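Since the structure comes first, as structure tokens, the remarks are kept for the end.
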Amino acid sequence: MSYLQRVLDSGECPKCHKKRNDVDERYSYGVYAGVMCVPCAISGFRDGCGEGKQPIGTRAEYEADNGPHTYDDDY
């Protein structure tokens with residue numbers, strides 16, 4: 001059984017450890033961010049993994065927001 005399936009079966013967010021029905025894989029700026037609930041995705045990532053009021057960020061937005069650090073440096 002995969003990690004994702006075990007987490008989904010448990011119903012518990014690995015980040016906040018609360019029982020939630022919105023736990024799933026999340027991506028931030030197009031890169032895998034982990035398995036978490038929507039509130040953890042929104043609070044833990046600047047683009048909210050596309051779950052907040054703004055859409056998931058792009059590579060160009062990431063690089064524009066991070067000065068000398070590039071997408072490839074960080075991922």
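The basis for the numbers below is simple: all heavy atoms, side chains too, and nothing from hydrogens, waters or symmetry mates. Keep in mind that what you see is a predicted model, and the values were worked out from it rather than measured. Index from 1, following the sequence.
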Mind listing the side-chain donor-acceptor pairs of residues 1-8 below 3.5 Å, one per line with the distance, residues two or more places apart or on another chain?
{"from": "S2", "atom 1": "OG", "to": "Q5", "atom 2": "N", "distance (Å)": "3.1"}
{"from": "Q5", "atom 1": "NE2", "to": "D9", "atom 2": "OD1", "distance (Å)": "2.7"}
{"from": "R6", "atom 1": "NH1", "to": "M1", "atom 2": "O", "distance (Å)": "2.9"}

Taking all non-hydrogen atoms of both residues, which atom of [X] and which atom of [Y] are closest, and how far apart?
X: E61; Y: G57; result: OE1-CA, 3.1 Å
X: V23; Y: P14; result: CG1-CD, 4.4 Å
X: F45; Y: C49; result: CD1-SG, 3.7 Å

Study note, to complete from the structure: Distance col, row D47:CG vs Y29:OH, nearest 0.5 angstrom, shows 5.0 Å

Review point. Is it true that Y27 and V35 fall in one hydrophobic cluster, defined by side-chain heavy atoms closer than 4.5 Å?
Key: yes

Point to revise | All side-chain hydrogen bond (donor to acceptor under 3.5 Å, both in side chains) counterparts of Q54, not counting sequence neighbours | key: none

Exercise for review: Can you tell me which residue pairs pass the salt bridge (charged side-chain N to carboxylate O under 4.0 Å, His left out) test with a partner in residues 13-32, sequence neighbours excluded?
Suggested key: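 Found R20-D22, R26-E51.
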
Review point. Are the side chains of P39 and C16 in touch, meaning some heavy atoms are under 4.5 Å apart?
Key: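 Contact flag for P39/C16 side chains = no.
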
